[in-house]
Asker: 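Can you keep this structure in mind? I'll have questions shortly.
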Amino acid sequence: RDDDRYEHRGDRYDDRWDNRHDRYNERGQANAIRQQIEQLERRIQRTDGRDRISEREAAMLRRAVYNLRLQFRDFNRNGLSQREAHILQSRIQQLRQRLAYERHDRNGRGW
């Protein structure tokens, strides 16, 4: 119950500080997710540049990262909720796994 939060803290000022702190953490989380997306984009570019994945695979991964960026922008418009952050983290992890899979599927290459 919300009233219980105020009783043990004493006044509303403490709760306002907590809300500011939560928003700061959300911004930090949003920045971390943005950095992970950028890192994933660089890894795809580097892997493609080394011809470890086909052009078709690279295009598919780039399109997926582009869609992920759009979803991040939409979610982050009013600040990320924990649920939205979890969805984005899950999609990032799926794309990392997909990139690893594509790097090792050989597609007729000798390595």
Side-chain angles (χ1 to χ4, degrees):
R1 215 175 101 203
D2 285 343
D3 294 333
D4 294 338
R5 289 189 319 185
Y6 299 120
E7 288 175 11
H8 68 62
R9 289 198 181 115
D11 65 7
R12 288 181 164 272
Y13 179 77
D14 290 337
D15 190 55
R16 284 194 307 261
W17 183 87
D18 287 345
N19 286 338
R20 285 194 311 266
H21 182 69
D22 289 345
R23 282 193 293 268
Y24 173 78
N25 285 338
E26 288 170 6
R27 280 193 305 268
Q29 187 173 38
N31 287 334
I33 290 172
R34 182 181 294 112
Q35 289 173 353
Q36 290 175 45
I37 293 169
E38 290 169 359
Q39 179 186 42
L40 183 57
E41 200 168 39
R42 286 189 303 268
R43 288 176 66 193
I44 292 167
Q45 183 177 350
R46 187 173 54 242
T47 303
D48 181 33
R50 293 177 179 166
D51 288 331
R52 296 296 306 246
I53 57 177
S54 72
E55 291 302 318
R56 187 178 130 273
E57 292 165 342
M60 181 272 305
L61 289 165
R62 284 189 183 104
R63 189 171 34 257
V65 171
Y66 175 78
N67 290 333
L68 178 59
R69 277 187 181 278
L70 291 178
Q71 187 174 29
F72 171 76
R73 188 187 67 201
D74 289 344
F75 282 175
N76 197 37
R77 188 167 286 137
N78 295 318
L80 290 178
S81 69
Q82 288 298 319
R83 181 178 175 276
E84 291 166 337
H86 179 73
I87 289 168
L88 292 169
Q89 289 288 359
S90 177
R91 289 196 60 204
I92 290 168
Q93 186 59 33
Q94 289 170 355
L95 284 171
R96 286 176 178 157
Q97 291 171 348
R98 184 67 187 197
L99 176 59
Y101 172 79
E102 297 297 355
R103 284 184 61 214
H104 295 100
D105 70 354
R106 295 185 176 230
N107 281 354
R109 294 194 256 307
W111 56 71

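All heavy atoms count here, side chains included; hydrogens, waters and symmetry mates do not.
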Asker: On a heavy-atom basis, which atom in E84 and which in L80 lie closest, and how many Å separate them?
Answerer: OE1-CA, 3.5 Å
Asker: Apply side chain to side chain contact (heavy atoms under 4.5 Å, CB included) to E41 and list each qualifying residue two or more places apart in sequence or on a separate chain.
Answerer: V65, R69
Asker: For R62, give me all partners under salt bridge (Lys or Arg N to Asp or Glu O under 4.0 Å), at least two apart in sequence or on another chain.
Answerer: D48
Asker: Once you round to the nearest 0.5 Å, how far does CD of E57 lie from CD1 of I44?
Answerer: 11.5 Å
Asker: Atom CD of Q82 and atom CD of Q89: how far apart are they, to the nearest 0.5 Å?
Answerer: 10.5 Å
Asker: Suppose we screen for salt bridge (Lys or Arg N to Asp or Glu O under 4.0 Å). Which residues come up paired with R77, at least two apart in sequence or across chains?
Answerer: D74
Asker: With ILVMFWY side chains joined below 4.5 Å, transitively, what does Y101's cluster contain besides itself?
Answerer: none
Asker: Flag the pair R34 / E38 as yes when at least one side-chain heavy-atom distance between them is below 4.5 Å, and no otherwise.
Answerer: yes
Asker: Give me each pair satisfying salt bridge (charged side-chain N to carboxylate O under 4.0 Å, His left out) with a member in residues 92-101, each pair once, sequence neighbours excluded.
Answerer: R98-E102
Asker: Is the shortest heavy-atom distance from the side chain of Q35 to the side chain of Q39 under 4.5 Å?
Answerer: no
Asker: Roughly how far apart are L61 CG and I53 CD1, rounded to 0.5 Å?
Answerer: 5.5 Å
Asker: Which distance, rounded to the nearest 0.5 Å, do you find between the NE2 of H104 and the CG of L99?
Answerer: 9.5 Å
Asker: Mind checking side-chain hydrogen bond (donor to acceptor under 3.5 Å, both in side chains) for R91 and listing every partner two or more places apart, or none if nothing turns up?
Answerer: Q71
Asker: If you round to the nearest 0.5 Å, how far is CG of L88 from CD of Q29?
Answerer: 9.0 Å
